[in-house]
Q: 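Here it is, the structure, as structure tokens.
Chain naming here is simple, since letters A, B, ... match the order of the sequence lines and numbering starts at 1 in each. Scope of the values below: all heavy atoms of this structure, side chains included, with no hydrogens, waters or symmetry mates.
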Number of protein chains: 2
Amino acid sequence: MAPQRTNMREVADLAGVAMSSVSRVLSGHPDVSPAMRQRVMAAVESLGYQPDMLAQSLRRKETRSVGFVVSDISNPLQSQIALGAETALRAKGYSMLLTNSENDPALDSAHIRLFQQRRVDGLLLSLAAEDDPQTFSLLSSAATPIVLIDRELRGEAGRRASSVLSDHRTGMRDAVGHLLDLGHRRVGLILGQPMRFSRERLEGLKDAYAARGLQPLYTVVEGQLEPRHGRAATQALLDAAEPATAIVAGGNQLLNGALAEIQQRGLRVGADLSLVSCDEISLTQLYQPPIAVVRRDTRALGRHAAELLLSQLEAQEEDDQGRKRTTREPEVVLLPTEFVARPSCAPPADAA
Amino acid sequence: MAPQRTNMREVADLAGVAMSSVSRVLSGHPDVSPAMRQRVMAAVESLGYQPDMLAQSLRRKETRSVGFVVSDISNPLQSQIALGAETALRAKGYSMLLTNSENDPALDSAHIRLFQQRRVDGLLLSLAAEDDPQTFSLLSSAATPIVLIDRELRGEAGRRASSVLSDHRTGMRDAVGHLLDLGHRRVGLILGQPMRFSRERLEGLKDAYAARGLQPLYTVVEGQLEPRHGRAATQALLDAAEPATAIVAGGNQLLNGALAEIQQRGLRVGADLSLVSCDEISLTQLYQPPIAVVRRDTRALGRHAAELLLSQLEAQEEDDQGRKRTTREPEVVLLPTEFVARPSCAPPADAA
DNA sequence: GGTGATTCTACAATCGTTTCCAGAAACCTT
DNA sequence: AAGGTTTCTGGAAACGATTGTAGAATCACC
């Protein structure tokens, strides 16, 4: 039989004290006599009482929960971020509400609104777009701290939010530099949506060419972070009048598509064509030949995001109106990326 | 400036009506005049009022949220389940609280308790163990519907919970059957923890041998669902006096370890050694040669779990005590698995 | 033993909703 | 025009906790 949820009233009655005393005992208030503590705890034990966090939240004006908006949790990249974030949040007693925005900016804003109605204490956002007006206005007037994950927003919204960013530029610069040093000149870069990570990667590629004083013979293809785009882009790069001799895929979904196309054409990775991907997955490590990647610690990304949020939350104070205000300015954390050279990169075939 | 959260009182005052009327308008109560509706909606609009779900939950005795306990969200298998579940829940207006139990049964039960304090309406559980006493007693007296994901519990706990199961046995039977038909006799099966999915896989393997009237020359290695175990088990299988000629890895983590070992030994998959894995990931599809798998629709697994839970929630009614009771008996859904033969399976080398 | 300080406890208001109940207004019906 | 429905609205009591305030009890001290 499902036990009737016992509430504080019953505990108080059983112990023969007032509810306020029970509350004080449980919340560790200093002014409580040992005798009182004993009686209350005994009653709590015998009833198996567990406080109702809903009621606590309502009264305390904090839910100890944060909302996490992610475009697609089934993407290994994002799920690792989520893992890092959840672990850090849980360690501090926060729970995580998670929702998928399916790469739809409209869902981003809808979910943010929903989370606000649920009165989450803060938001962790890996947005589907960096320029959605709805999301923008929602964020610029948000009452809770916000941390953006690998996203950059302009204007008021960007100014109010903290963010954790990856230094894609450096990693990409080294990756393309490696390819150029191997003799490649026509590098094909497959990117996702026009967001910070795409811009930075392009800049990194340009840096590499510029640093060597080389003509910019690269080609960039933008699209969605999906296998289909990876495949189509690979086709385009290989069918061009001057085909790319090396391809850099800006993410594991793109890599999947690229590899599918490469295999269908019977091309040998690391011989006929060089290949680099972004973000490590089991495929890049175990593929034969192993695939070079621009690596980053995604779990740390999530962890840092959570910690940034937590530090904002801990710095909150109630103002005279009784509403919370953070005393802390938004922060930006930049995490490193690292290029890992692997046999998928070799001198171009025509140079042999 | 963060806008003061407006509450229902302010809406009522602005509209010049009672709070109860505002509530009725917003919750679509039938007995409300068009004029009233207009006035209230105007006030709601002008204040940008959004109801506080916390207060609603407290009063309505339902949070429209469910808790999802998963051992490791960064595992592609689990994140796909989570995606399927979240999408289905969201479609019905439910939010998902997600937590990682890190394969620790103690965390399982701690999180269940936490979710209960948060008063989730239901639980979706992919437990770390099928026999933890704490979890057991928590579940047998739970007040909310529960759906187990690919887990089987005995006793009262199992009787009260619904579950979504995969038919691992059939898929494994076909996989091993395929290997046997290719001429393999010494099949090595690498399993995870002793839970239903492991037991079923073993049964499936036995079925295959039995159906062909063959001597059971297989070897089974149980352990954790981790790459390390996959690797160690592979070592053991290959170093045995009579080495396995085919290896079946019971999950993608195990496959990672197995492949690492295989590569280090310079063995050719699909030639020196046949290989089968469980659950499709990009690696199994794109590896050269492609790796045969026992496949299942993990996203559907999550979706079915959510739908099972939702159907229980919708069937709830309040009894005379004012507490909810489900009128519906727990259900069990069995989802198919399918063996996909691929070039990673070939006749054993010594048979050539 | 009276005064004040100190420790503890209880009452009651509050958080933001929903919903029961009673009553007002309107509309039929005869 | 009285009586009976039906429709609508407002007041107030929940939901289950926390917390400010005030008062009771204890104690020390002179």
Side-chain angles (χ1 to χ4, degrees), chain A residues 4-40 43-44 47-64 116-121 143 318 320-324, chain B residues 4-41 43-44 47-64 116-119 121 143 318 320-324:
Chain A
Q4 169 82 292
R5 259 198 94 82
T6 72
N7 59 20
M8 199 176 237
R9 152 110 275 122
E10 301 175 47
V11 176
D13 287 354
L14 179 62
V17 301
M19 285 174 58
S20 46
S21 299
V22 177
S23 175
R24 269 188 281 265
V25 167
L26 291 175
S27 58
H29 193 96
D31 291 352
V32 58
S33 64
M36 173 66 83
R37 165 161 287 117
Q38 284 238 336
R39 296 182 59 175
V40 170
V44 165
L47 290 175
Y49 170 73
Q50 294 183 330
D52 183 329
M53 294 188 70
L54 222 50
Q56 289 184 326
S57 297
L58 182 61
R59 181 58 227 241
R60 288 185 171 153
K61 293 172 174 297
E62 61 168 25
T63 54
R64 302 223 116 213
Q116 288 178 337
Q117 285 189 235
R118 285 197 180 274
R119 295 190 105 192
V120 296
D121 294 341
E318 295 200 359
D320 43 1
Q321 307 281 337
R323 67 181 126 138
K324 308 248 172 137
Chain B
Q4 171 80 295
R5 259 197 94 82
T6 72
N7 59 19
M8 198 176 241
R9 151 109 279 121
E10 301 175 48
V11 176
D13 288 352
L14 179 62
V17 302
M19 284 174 60
S20 45
S21 297
V22 177
S23 176
R24 267 188 289 261
V25 168
L26 291 175
S27 58
H29 193 96
D31 291 351
V32 57
S33 66
M36 172 66 83
R37 167 160 288 115
Q38 282 237 339
R39 295 182 62 173
V40 169
M41 289 315 287
V44 166
L47 291 175
Y49 169 73
Q50 294 183 330
D52 183 328
M53 293 188 71
L54 218 52
Q56 289 184 326
S57 297
L58 182 60
R59 181 59 228 236
R60 289 181 170 156
K61 293 172 172 301
E62 63 167 24
T63 55
R64 304 223 117 214
Q116 288 177 337
Q117 285 190 235
R118 286 199 180 272
R119 294 188 118 198
D121 294 341
E318 295 200 359
D320 44 2
Q321 307 280 339
R323 67 180 126 137
K324 308 246 175 139

Q: What's the closest nucleotide to the side chain of Arg119(B) if the choices are dG16(D), dA17(D), dT18(C)?
A: dG16(D)
Q: Looking at dA10(C), I'd like to know if its phosphate oxygens (OP1 or OP2) sit under 4.0 Å from a side-chain N or O belonging to Ser21(A).
A: yes
Q: Tell me which nucleotide among dT18(D), dT17(C), dG16(C) gets nearest to the side chain of Tyr49(B).
A: dT17(C)
Q: OP1, OP2 of dT9(C) versus side-chain N and O of Ser33(A): anything below 4.0 Å?
A: yes
Q: What does Arg24(B) touch in the nucleic acid at a heavy-atom separation under 4.0 angstrom: a base, only the sugar-phosphate, or nothing?
A: base
Q: Are OP1 or OP2 of dT18(D) and a side-chain N or O of Lys61(A) less than 4.0 angstrom apart?
A: no
Q: Whether Asp121(A) and Arg64(A) form a salt bridge (side-chain N of Lys/Arg under 4.0 Å from carboxylate O of Asp/Glu) is what I want to check.
A: no
Q: Run the salt-bridge test on Asp31(B) and Arg24(B) with the 4.0 Å N-O cut-off and return the result as yes or no.
A: no
Q: Just call it for Ser20(A): base, sugar-phosphate, or nothing, with non-hydrogen atoms closer than 4.0 Å on any strand.
A: base
Q: Return the value, rounded to whole Å, for the distance between atom CZ of Arg118(A) and atom P of dT17(C).
A: 14 Å
Q: Could you check Pro30(B) against Met19(B) and say which one's nearest nucleotide on DNA chain D is further toward the 5' end?
A: Pro30(B)
Q: Using a heavy-atom cut-off of under 4.0 Å over every strand shown, decide if Asp31(B) touches base, sugar-phosphate, or nothing.
A: base
Q: Closest approach to the side chain of Ser23(A), judged atom by atom: which nucleotide of dT19(D), dC15(C), dA13(D) is it?
A: dT19(D)
Q: Give the rounded distance in Å between these two atoms: CZ of Arg60(B) and C1' of dA14(D).
A: 15 Å
